[in-house]
Amino acid sequence: MAKKIYGIIGDPIEHSLSPAMHNAAFDAIGLDAVYLAFRVPQHEVGDAIKGAKSLGILGLNVTIPLKEKALAFVATEEVATKIGAINTIEFCSGTPVGYNTDGLGSLKVLKETVGNINGKTVLILGAGGAAKAIAYYLDTAGATVTIANRTKERATLLVSNLRNANAISLAAAELKDSIKDSDILINTTSVSMHPNEDATLVTADLMHPELVVFDIVYNPMETKLLREAKKAGVKRIIDGVMMLVYQGAASFKIWTNREPPIGVMEKAVRAALSRDF
Ligand code: NAP
């Protein structure tokens, strides 16, 4: 039987950790499959999805900046339609079907640290693709969500699709007020991502020790925001690695219907991060 092919599309794509994570998972369960990274410019996303189907590729992940554009070229399951972005496509049934596993991954990570999300107050920095997915899952789980974004209109639009949420700007006074009343702070912006490792939207003086601080950025693993959280005496700090692993594991399950080897996937991601960044 021919080797099964999976992959990821995005632009840029060189630094994606998904090939290392999924190839390690395929090896671990003895699946004769390979996972490759494909650089696809925004205007070619439709051609890439159609081409992948013709080539017999069985599954794709979709990353920056294609998650919203790709929606137009697949049938989407209900949650992905509500979120308005996909990060996973499966081709098994003939028609490409789009899913969003980012929100699922973030919710799993948060539940491991916080327990029940219902009734928690959450401030999310950012209103991009990842923020949409995370906000949808937290809102559905019963959290009260505030979105703070550089482009306020984007935050306002995101909030209008949620049940119990409001939008603020990134002005320090607004952030301070919101954080004072928050249980959880989540950074979903790319602000502190490599190579801008000394940038952060929130500093220690705005935080309190009972806050849970979660940065979904995983390169570097310890972002400036997390370093500031430590300075403020924050006890519960979460980096972006396990969200990456859980969203990848959910894609893996959709494609293969096999139990993902979470430990192997985490190990592969941490090894690639310590090698590449
Ligand atoms: P995106 O759709 O491009 O959104 C980027 C967000 O960052 C927007 O809200 C944008 O604000 C904000 N932003 C960018 N530069 C900024 C700046 N200088 N100051 C203030 N805000 C700024 O990207 P995404 O897909 O949501 O991904 C965002 C980050 O999350 C990336 O670093 C990505 O690697 C990471 N991520 C991690 C995981 C994981 O599994 N751990 C999953 C998905 C994404 P505007 O709206 O004003 O432009």
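First listed ligand is number 1; within each ligand, the first listed atom is number 1. In this chain, numbering begins with 1 at the start of the sequence shown. Atom set for the values below is all heavy atoms of this structure, side chains included, hydrogens, waters and symmetry mates excluded. From a predicted model like this one, the values you see are computed outputs, not experimental measurements.
At a threshold of 4.5 Å between non-hydrogen side-chain atoms, the residues Thr101 and Ile254 count as touching.
In terms of polar-atom proximity, Ala127 is counted as a contact of ligand 1, with an N or O under 3.5 Å from an N or O of the ligand. Some N or O of Leu244 is nearer than 3.5 Å to an N or O of ligand 1, by distance alone. In terms of polar-atom proximity, defined here as any N/O pair under 3.5 Å, Thr189 makes no such contact with ligand 1.
Annotation for Asn100 and Asn87: closest pair CA-OD1, 3.4 Å, computed over non-hydrogen atoms. Closest of all the heavy-atom pairs between Ala148 and Leu123 is CB-CD1, 4.1 Å.
Contacts between Thr188 and ligand 1 below 4.0 angstrom, taking non-hydrogen atoms only, involve the backbone exclusively. Here Ile216 has heavy atoms under 4.0 Å from ligand 1 in both its backbone and its side chain. Of all the heavy atoms of Arg154, the ones lying under 4.0 Å from any atom of ligand 1 belong exclusively to the side chain. For Thr151, heavy-atom contacts with ligand 1 shorter than 4.0 Å involve the backbone as well as the side chain.
The shell of residues lying under 4.0 angstrom from ligand 1, judged by heavy atoms, excludes Glu68.
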Please list every donor-acceptor pair under 3.5 Å in which a side-chain atom of residues 200-210 meets a protein atom from a residue at least two apart or in another chain.
from: Thr200; atom 1: OG1; to: Val202; atom 2: N; distance (Å): 3.3
from: Thr200; atom 1: OG1; to: Val202; atom 2: O; distance (Å): 2.9
from: Thr203; atom 1: OG1; to: Asp205; atom 2: OD1; distance (Å): 2.6
from: His208; atom 1: ND1; to: Glu210; atom 2: N; distance (Å): 3.4
from: His208; atom 1: ND1; to: Leu211; atom 2: N; distance (Å): 3.2
from: His208; atom 1: NE2; to: Ile179; atom 2: O; distance (Å): 3.2
from: His208; atom 1: NE2; to: Ser182; atom 2: O; distance (Å): 3.1
from: Glu210; atom 1: OE2; to: Lys235; atom 2: NZ; distance (Å): 2.9

